[in-house]
Amino acid sequence: MTQTYRITLLPGDGIGPEIIAVAVDLLKKVGQQLDLRFEFQEALLGGAAIDATGSPLPADTLELCKNSDAVLLAAIGGYQWDTLPNDQRPERGLLGLRAGLELFANLRPASILPQLVDASSLKREVVDGVDIMVVRELTGGIYFGQPRGIFTSETGERRGVNTMVYTESEVERIGRVAFEAARKRRKQLCSVDKSNVLEVSQLWRDTITKLAADYPDVELTHMYVDNAAMQLLRNPKQFDTIVTGNLFGDILSDAAAMLTGSIGMLPSASLGSSGPGLFEPVHGSAPDIAGQDKANPLAQVLSAAMMLRYGLNEPQAGDRLERAVLKVLDQGYRTGDIMSDGMTLVGCKAMGEALLAALED
Ligand code: IPM
Ligand code: MG
């Protein structure tokens, strides 16, 4: 019997609609090949949702997402919404979705594809062979801590406040995801914090250290976040799996992404303990190139591959998409962000066609 999956698509803003269209075509094709049926339902998120409904996360979007097997998101945000008050911005829609689906674990792999070693801004010998998994806590920390807001004191001075807070159980559940991930990789886990300054980080470190007793096969190290940022640029090959909080993970995952040449290549998976996962590229909505057929759809396609692998447990289908990506790179197709000498510059659509052709065999 044909397996049917209900997928909620969130094209979002900027280049979102262009890149998600590429992934959808590929999913349909891989579905035909492997006898999987995808029922796609599209919903509004971010700026597109603000324009249509006034809210960055309309209630029916969250409902549709909850009632699906997986959610595939492109990207949200854009200049025209940048001046809105913080709680009405597109980003709030994404954060609300992560919280609403309780997606506390964000997996952000950053590995160098041999075809793109020269697209990195770092020297070949530094980045060649890099293969890192950043496990970022996604529904806690300073992104969600209370109190938060901009308050005015009696003297009339304004004060901006956010709170970095983690409970032991929040650290423990992301820690377990990270130890498990490391177990499936090279069995090295580096926990990143700022425990030389922050109490919240001391609790983080204590909790992760305790947890290590359950994973004797995984080698645990700790690193301060400033040093981790430096080490990622100095010697990224020392890292296998990294686990860290929401804000540090946001920053370090961009740095790790850039090792690979372009943030346009990096997928991510956000998972909870049950319910549908959310799969999205690490990059943003790139409003500067939106609608110009210049976007790199590969991170979106690789996010669809992660959806197949981690969200739907269809690793074979995920493999196919990943192989198609490697193949078009082998064939020399490059979008502008990963272009190098001697390669063939293509737009988003042409990259999509090349990927479809690569799926054929
Ligand atoms: C990311 C993004 C988001 C974040 C923004 C868009 C809210 O930078 O997914 O890394 O900070 O988490
Ligand atoms: Mg980010």
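Heavy atoms only: backbone and side chains are in, while hydrogens, waters and symmetry mates are out. Note that ligands are numbered from 1 as they come in the structure, with each ligand's atoms numbered from 1 the same way. Here, residue 1 is the first one in the sequence, and each next residue gets the next number.
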* When you measure from atom 1 (C) of ligand 1 to every protein heavy atom, which one gives the shortest distance, and what is it? -> R108 NH2, 3.3 Å
* Residue and atom name of the nearest protein heavy atom (relative to atom 2 (C) of ligand 1), distance in Å to one decimal -> D250 OD1, 4.0 Å
* Output the list of atoms in ligand 1 that are nearer than 4.0 Å to some heavy atom of R136, sorted by atom number. => 1 (C), 4 (C), 9 (O), 10 (O), 11 (O), 12 (O)
* To do: Answer yes or no: are there more than 12 heavy-atom neighbours, outside E322 itself, under 6.0 Å from its atom CD?
  => yes
* Pi-cation contact, Y143 with R136 (under 6.0 Å, within 45°) -> yes
* Structure fact -> Among R98, H283, E91, closest by heavy atom to atom 3 (C) of ligand 1 is R98
* Asked: Are any N, O or S atoms from D250 nearer to the Mg ion (ligand 2) than 2.8 Å?
  -> yes
* Does the ring of Y5 carry R37 above it, NZ/CZ under 6.0 angstrom from centre and within 45° of its axis? -> no
* **Protein contact of atom 4 (C) of ligand 1 - nearest heavy atom, named by residue and atom, plus distance** => Y143 OH, 3.4 Å
* About how many Å separate CG of L72 and CD of E42, when rounded to the nearest 0.5 Å? -> 10.5 Å
* Got L138 and F104 here, is their nearest side-chain heavy-atom distance under 4.5 Å? -> no
